[in-house]
Number of protein chains: 2
Amino acid sequence: MRRGLEFKKKARIIIVDDNYEHLNGVRELIEIESDFDVVATATSASVAISLIKKYRPEIVLMDINMPEKDGLTAIAEIEKLDLGVRTIALTGYDDPDLIFRAMKIGAKGYILKTMASAQLIYAIDEVAAGKIYLPNTLSSRFFEYFQKSFKEEIQSISDEENLLNYLTQREEEVLDLLTQGITYKGVAQKLFISETTVKTHVNNIFQKLQVNDRTQAVLYALNNGFLNKRKVKIAI
Amino acid sequence: MRRGLEFKKKARIIIVDDNYEHLNGVRELIEIESDFDVVATATSASVAISLIKKYRPEIVLMDINMPEKDGLTAIAEIEKLDLGVRTIALTGYDDPDLIFRAMKIGAKGYILKTMASAQLIYAIDEVAAGKIYLPNTLSSRFFEYFQKSFKEEIQSISDEENLLNYLTQREEEVLDLLTQGITYKGVAQKLFISETTVKTHVNNIFQKLQVNDRTQAVLYALNNGFLNKRKVKIAI
DNA sequence: CCTGATGTAGACCACGTGGTTAATGTTAAT
DNA sequence: ATTAACATTAACCACGTGGTCTACATCAGG
């Protein structure tokens, strides 16, 4: 709250890039073309972490194409510090997987080195203003990847021969309790039936799921979206 | 491949909206301001599905704020048909959860009714061109939600008192095999140790995880990112 | 040097679990 | 009306499992 007023203008930035020329290029660009204040630069992720702890900048421009400790891990560590530092990933590649992982771990922006300098300034502006910024072309790539992975996940669950579909309603209830680590006796009490009945159901479940014991049954249920079915299907 | 040439211009569109006035407004807008061809309209999701099967449009504009069968479910069904139809969600609310779910199930675009008409045309253009389009403000909202849910997931796994951290390396190996539904005997063979030793390890695991049986141990391991630890931590 | 953590192993026992067979009542579909 | 599917229960047995206690070897750190 208090901090909100401070960085309305003159956001403080740290730039991290193992390429010295590019580092200085970006630095000059920002110092000339924008109101931002480059408080430090680093050519390695580990140094960057120290500097971030020291200077507490609002923004970090992080090159993702570094050897040693790679940029993604660095971003993850910065996020873990939880200092409110907002990191923008800077890279040469528009690989969807890279974009996805960067955003996943908390990057607030993602810019290609090949993009126009105005684009970079704009991105910093947006991110400094508290937004998350991805250029349209990259966000499009991101979403394709995002949807693809989700589609595969859903298909692997609901598609093909999901043996869970052969279970009767009662058997599903029993399996549901099994996936909570409850014993025969416990299930019997919860369902108000005898322990023997539970055993029968469980045995039928084993046969239908083609497994030998409760652990395997539970694993099958979990891996094939027994619980997720509600999440994925009903609660879209 | 063959289809790629056909809809370079004159993409065929179906509009779905339970509000009749708005439906016609959008229709006129598209017919006047763009090159697209509105081949049909519908005021309910179920009718829309039939029309889509019949006309096989390239684009579907789907209102999300409908009663009866809601728009999200409709989009999911359309995706399931797998006809290559690209759906754009149209709604009054910029609720992050709604945006997230729409994109999750396969919407190729998401536009607010309050946005300028040019914005809508542009969105259709982009989506018809095979891209996925979210206006910057909405994509920013999406990413906040996306990152928040991921952060929570990671924290719930790695944070706080994760009892898995107290396991020794050997115990982790044993637990790993337990999570594959393997018995004492099987574990003993795989690790080249006696069955008794396995039992000792397993008992120690139970105590450390504060559970009573293998099923609960497996569940604890799965719920607290035993396997995910690698995925989440190492393979960022 | 010695303590503590770890991995290994055996023995014992109570109990939960898995496999099988048989039987009954209910309900839905043919 | 008859069948098929399902839910229910019993009795039995073999075996896996969980709990406890004891014991020994190794190795790192104080």
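Below, chain A is the first sequence line, B the second, and so on; all start at residue 1.
Rounded to the nearest 0.5 angstrom, A:I15 CD1 and A:T41 OG1 are separated by 7.0 Å.
Taking the side chain to side chain contact (heavy atoms under 4.5 Å, CB included) definition, one finds that A:N212 meets it with A:Q216, sequence neighbours left out. Under the side-chain hydrogen bond (donor to acceptor under 3.5 Å, both in side chains) criterion, B:Y145 pairs with B:D97, not counting sequence neighbours. Taking B:K113 as the reference, B:D17, B:H22, B:D63, B:N65, B:L90 meet the side chain to side chain contact (heavy atoms under 4.5 Å, CB included) condition, with sequence neighbours excluded. Take A:K54 and apply the side chain to side chain contact (heavy atoms under 4.5 Å, CB included) test, not counting sequence neighbours, and it matches no residue. Shown here are the salt bridge (Lys or Arg N to Asp or Glu O under 4.0 Å) partners of A:K208, two or more places apart in sequence or in another chain: A:E171. Applying the side chain to side chain contact (heavy atoms under 4.5 Å, CB included) rule to B:E173 yields the partners B:Q169, B:R170, B:L191; only residues at least two apart in sequence or on another chain are considered. Residues passing the ring pair (Phe, Tyr, Trp, His ring centres under 6.0 Å) test with B:F150, sequence neighbours excluded: B:F146. Under the rule for a salt bridge (Lys or Arg N to Asp or Glu O under 4.0 Å), B:D95 has no partner lying at least two apart in sequence or in another chain.
Taking atom CD of residue A:E171 and atom P of nucleotide D:dA5, one finds them 13 Å apart after rounding to whole Å. A:L191 has its CG atom 12 Å from the C1' atom of D:dT8, to the nearest Å. The distance between atom CG of B:L209 and atom P of D:dG19, rounded to the nearest whole Å, is 12 Å. Taking atom CG of A:N203 as the reference point, atom P of D:dA7 lies 15 Å away to the nearest angstrom. Between the CG atom of B:N204 and the C1' atom of D:dG18 there is a distance of 12 Å, rounded to whole Å.
Over its length, the helix from C:dT3-D:dA28 to C:dT30-D:dA1 turns its helix axis by 50°, as judged from the five terminal pairs at each end, rounded to 10°.
With respect to A:K108 and A:E79, a salt bridge is recorded, a charged nitrogen being found less than 4.0 Å from a carboxylate O. Ion pairing of A:K185 with A:E195 is absent here, as no side-chain N (NZ or NE/NH1/NH2) approaches a carboxylate O to less than 4.0 Å.
Residue-to-nucleotide proximity on DNA chain C shows that, of B:D213 and B:Q169, the 5′-proximal contact is made by B:Q169.
For A:Y110 and A:F142, the distance between ring centers is not under 6.0 angstrom.
Residues A:T197 and A:S194 bring a donor and an acceptor atom of their side chains to less than 3.5 Å of each other.
Heavy-atom distances under 4.0 Å link DNA chain D to A:I193, A:S194, A:T196, A:T197, A:K199, A:T200 of residues 192-200 of chain A, given in residue order.
Bounding nucleotides for the chain B contact on DNA chain C, 5' to 3', at a heavy-atom distance below 4.0 Å, are C:dT6 to C:dC12.
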Table of protein N/O atoms under 3.5 Å from nucleotides 27-30 of chain D N/O atoms:
none

